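Since the structure comes first, as structure tokens, the remarks are kept for the end.
Please read all numbers here as calculations on a predicted model, not as lab measurements. Quick note on labels: first sequence line is chain A, next is B, and so on, each numbered from 1.
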Amino acid sequence: MPELPEVETVRRTLAPALGATIATVWHSGKPLRLNRAVPVAAIRRAAGGRAITGVRRLGKYLLVDVDGPRSLLVHLGMSGRFRLCAPGTARAPHTHVVLRLADGRELRFSDPRRFGQFDVVTRGDERAHPSLAVLGPDPLEEGLDAATLHAQARRRKVTLKSFLLDQAVIAGVGNIYASEALWLARLRPSRRTGRLTEAEARLLTRSVRQVLEHALEHGGTSLKDFVDADGREGENAEYLRVYGREGEPCSRCRTAIRRTLIQGRATYFCPTCQLP
DNA sequence: ATCACGACCTGGAGGC
DNA sequence: TGCCTCCAGGTCGTGA
């Protein structure tokens, strides 16, 4: 479900939880990603009785900072939701972790497919966590530059689509925005990275940023599952140019958008204005 | 080392 | 109605 704009939208809408104290921690008992147990005891030690001091984002990961040396690491996987709920709200099915706040509100993590992740990290040493260690630069920060991207591309032989999905290259791009950014840059998703010119790398870098920023301005893309911390859907789906639009006319040249599979993932492109 | 594929898990949509 | 198949926004382990 959630790529960078969606995760950032959740992060922003969690602002009203800042300053609140986490009273108790509840867990469904079900494992999450890779059948890995949620470390409830460690979460209780790290967050129980402590105030939430901040919420940060690294790529598609959220970091909930609390008083003391640790932070909670949250990844929404495909179907995860992280919501701030008023007291007395009915608990959704597939709720797996609940942080009950001292004022009665609850921060609830639900995830039907259980591809998500909930863990504890040490603040200041976040990169020691294996999930965060490999993350590349965040496209909304200054860390991503075209020259580095170009150099990396030249060393690899994958398709541009796979390249963009690699979280070590850019942290936060997922399946929707990979197609969208390549459309904007007029590059065919099946192109091999080795053939990327410097000018194209600049264009691609700009396109990635533009697509993500635009989606963020519209509160993210809600196709099925995504809602922000208040339960509201994003409006960006109506602005998608290619994703999910097979057969519809390209908004630049009117050619029918095509759908193909790259590494088993649905990929959308315009066969006329995206150069192979 | 790099790459492509399948697996993980549940639910919704569509076909019959 | 019910049953079947396919598909889904992510990541990781496998084997070539």
Are OP1 or OP2 of C/dG10 and a side-chain N or O of A/R113 less than 4.0 angstrom apart?
no

Rounded interatomic separation in angstrom, taking CG from A/D111 and C1' from C/dT11:
13 Å

For residues 129-153 of chain A, which residue pairs pass the salt bridge (Lys or Arg N to Asp or Glu O under 4.0 Å) check, not counting sequence neighbours?
A/R57-A/D138

Can you list the residues that meet the side-chain contact (heavy atoms from CB on, under 4.5 Å) rule with A/T13, with sequence neighbours excluded?
A/D228, A/A229, A/D230

Residues which pass salt bridge (Lys or Arg N to Asp or Glu O under 4.0 Å) with A/R12, listed by chain and number, not counting sequence neighbours
A/E8

Between NE2 of A/H129 and P of C/dT11 the distance, given in whole Å, is 13 Å

Convert the base pairs of DNA chain C into dot-bracket notation, remembering that pairs crossing earlier ones are written with [ ] and that bases paired across to another strand are shown as |; include only Watson-Crick or G-U pairs under 3.5 Å.
.|||||||.|||||||

Distance check needed: C/dT14 P versus A/L34 CG, whole Å only.
10 Å

Contacted region of DNA chain B by chain A, from 5' end to 3' end of the hits, cut-off under 4.0 Å to heavy atoms, spans B/dC3 to B/dG12

Can you name the salt bridge (Lys or Arg N to Asp or Glu O under 4.0 Å) partners of A/R105, sequence neighbours left out?
A/D103

A/M78 has an atom CE; how far is it from atom P of C/dC12, in whole Å?
14 Å

How would you list all residue pairs meeting side chain to side chain donor-acceptor pair (under 3.5 Å) that involve residues 92-101 of chain A, not counting sequence neighbours?
A/S28-A/H96, A/R100-A/E106

Rounding to an integer number of angstrom, what distance separates B/dC9 and C/dC3 when you compare their P atoms?
23 Å

Side chain to side chain donor-acceptor pair (under 3.5 Å) contacts in which one or both residues fall within residues 184-196 of chain A, not counting sequence neighbours
A/R191-A/E200

Would you call A/R81 and A/D111 a salt bridge, using N to O less than 4.0 angstrom?
no

What are the residues of residues 158-169 of chain A, sorted by number, that bring a heavy atom to within less than 4.0 Å of DNA chain C?
A/Q167

Would you indicate, yes or no, if C/dC12 has its OP1 or OP2 atom less than 4.0 angstrom from a side-chain nitrogen or oxygen of A/R33?
yes

Using a 4.0 Å heavy-atom cut-off across all strands, classify A/L223 as base, sugar-phosphate, or nothing.
base

Heavy atoms only, 4.0 Å cut-off, all strands: where does A/Y177 land among base, sugar-phosphate and nothing?
nothing

For A/P249, what residues pass the side-chain contact (heavy atoms from CB on, under 4.5 Å) criterion, not counting sequence neighbours?
A/R254

If you look at every strand shown and take non-hydrogen atoms under 4.0 Å, does A/R155 touch a base, only sugar-phosphate, or nothing?
nothing

When we call it a touch if two heavy atoms are under 4.0 Å apart, what does A/R156 touch: a base, just sugar-phosphate, or nothing?
sugar-phosphate

Can you list every pair that meets salt bridge (Lys or Arg N to Asp or Glu O under 4.0 Å) and has a residue in residues 159-172 of chain A, with sequence neighbours left out?
A/R156-A/D166

Write down the atom of A/V227, the atom of A/V10, and the distance for their closest heavy-atom approach.
O-CG2, 4.0 Å

Nucleotide C/dC6, atom P - distance to CZ of A/R265 in whole Å:
18 Å

Please confirm whether A/R252 makes a cation-pi placement over A/W183, using NZ or CZ under 6.0 Å from the six-membered ring centre and within 45° of the ring normal.
yes

Please report the distance, rounded to the nearest Å, between CG in A/L62 and P in C/dG10.
15 Å

Between C/dA8 atom C1' and A/D225 atom CG, what is the distance in whole Å?
8 Å

How many whole angstroms separate atom OH of A/Y243 from atom P of C/dC7?
12 Å

Hydrophobic cluster partners of A/L58 (side-chain heavy atoms under 4.5 Å):
A/Y61, A/L63, A/L73, A/V121, A/L132, A/L135

